[in-house]
Amino acid sequence: MRDLDEFTVTDEALAQMAGTENPRLKQIADAAVRHLHAFAREVDLTPEEWLQGISFLTAVGQACTPIRQEFILLSDVLGLSAVVNALHDKKAKELGTQSSLLGPFFREGAPELPLGSQIVDKPTAEEIVIYGRITDNAGTPLPGALIQVWQTSERGGYDLQERGPDEMDMRGNFRAAADGTYYFRTVRPLGYSIPMDGPTGDLVRKQKRHGMRPSHMHCLIGAEGHRELVTALYFGDDPYIGSDTVFGVSQSLVVEIKDDPASPIPGLRAVHYDFRLARQAPGESGRVGADPTKMAAQ
Ligand code: BEZ
Ligand code: FE
């Protein structure tokens, strides 16, 4: 037996884990151990700080409920979710629309509505249209593609926050028409603060960050044989467009509401955005996130 120091314990831990059968688990667990040990050495982690870290992660777990996933929120504010999205986009067989965060407010089972429907139950702001085409990477329409959208209200709250878990509002699912077009009515969502009433919010406050996300519309798009696209459209005139707390904004996803003679609902200002789905590689899954109610059930 050899005496272990802060360096040799890393080799010893890796040696004990060497028999891991699943090669991907081995790769991930080995790298996690190497990086965690290097992190502790770099900051010269004290026992008190180690315990604070354990308490923090315990609080993150305890803040999770059937409608709240605090670990995903933590991953988001640390930029980890954005890194995973960027890696996922890089692995696509071909270039499609860029990904963005699913966020914690996606719900399965939103109503499927006819094209052109208003997704806000009682709109109190200007109605606008969001429209465009869903195609493959070559521009061929994907009829029947399912686009699920969800957003905050004109006041900046999701239905879960404004109306509780039993009601759905400001969300809807649409099927693209034969020529790939989709369109629906909504109101401009207001930017909002990420949930700040838990341990992740405490951390963000200590870091002197504003905690805001710019105004956006989430979109989850699926079509047979194509990679599911998790993305969002960001309204370019929002004051937080350049400093999103969860690093979800890319230039290619920034939109503007315009007077638009081509709008499918004349008289309403519109956002025009065409989505391109990449072909799917076998066994590929594209969601960086989940409906929190489904995660709690696992
Ligand atoms: C959202 O867009 O809804 C969101 C994403 C990440 C963290 C918090 C909220
Ligand atoms: Fe959001």
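Computed over heavy atoms, backbone and side chain alike; hydrogens, waters and symmetry mates excluded. Read the numbers this way: they start at 1 and go in the same order the structure lists the ligands and their atoms. In this chain, numbering begins with 1 at the start of the sequence shown.
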Asks: Can you tell which of P104, P195, P199 makes a side chain to side chain contact (heavy atoms under 4.5 Å, CB included) with E70?
Replies: P199

Asks: Going by the rule side chain to side chain donor-acceptor pair (under 3.5 Å), which residues pair with S75 if we only count those two or more places apart in sequence or in a different chain?
Replies: S81

Asks: So D237 and R188, salt bridge (Lys or Arg N to Asp or Glu O under 4.0 Å) or not? Walk me through it.
Replies: CA-CA 11 Å; D237 55 356; R188 186 190 192 284; 2.3 Å; yes

Asks: Testing T231, L233, I130 for side chain to side chain contact (heavy atoms under 4.5 Å, CB included) with Y273, which one passes?
Replies: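 That would be L233.
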
Asks: Can you give me a line-by-line list of nitrogen or oxygen pairs between ligand 1 and the protein shorter than 3.5 Å?
Replies:
{"unit_1": "ligand 1", "atom_1": "2 (O)", "unit_2": "Y192", "atom_2": "OH", "d": "2.8"}
{"unit_1": "ligand 1", "atom_1": "2 (O)", "unit_2": "R213", "atom_2": "NH1", "d": "2.6"}
{"unit_1": "ligand 1", "atom_1": "2 (O)", "unit_2": "H216", "atom_2": "NE2", "d": "3.0"}
{"unit_1": "ligand 1", "atom_1": "2 (O)", "unit_2": "H218", "atom_2": "NE2", "d": "2.9"}
{"unit_1": "ligand 1", "atom_1": "3 (O)", "unit_2": "Y158", "atom_2": "OH", "d": "3.2"}
{"unit_1": "ligand 1", "atom_1": "3 (O)", "unit_2": "Y192", "atom_2": "OH", "d": "2.3"}
{"unit_1": "ligand 1", "atom_1": "3 (O)", "unit_2": "H218", "atom_2": "NE2", "d": "3.3"}

Asks: Could you name all protein N, O or S atoms found under 2.8 Å from the Fe ion (ligand 2)?
Replies: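 N, O, S partners closer than 2.8 Å: Y158 OH, Y192 OH, H216 NE2, H218 NE2.
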
Asks: Sequence neighbours excluded, which residues qualify as side chain to side chain donor-acceptor pair (under 3.5 Å) partners of S252?
Replies: Q98

Asks: Please assess D159 against R107 for the test salt bridge (Lys or Arg N to Asp or Glu O under 4.0 Å), listing each intermediate value before the final yes or no.
Replies: CA-CA 10 Å; D159 51 1; R107 305 294 309 276; 5.7 Å; no

Asks: Does the side chain of D11 come under 3.5 Å of the side chain of T8 through a donor N or O and an acceptor N or O?
Replies: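 No donor-acceptor contact under 3.5 Å links the two side chains.
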
Asks: Check the pair W150 / L220 against side-chain contact (heavy atoms from CB on, under 4.5 Å), numbers first and verdict last.
Replies: CA-CA 9 Å; W150 67 103; L220 174 58; 3.8 Å; yes

Asks: Can we call the ring centroids of Y192 and H216 under 6.0 Å apart?
Replies: yes

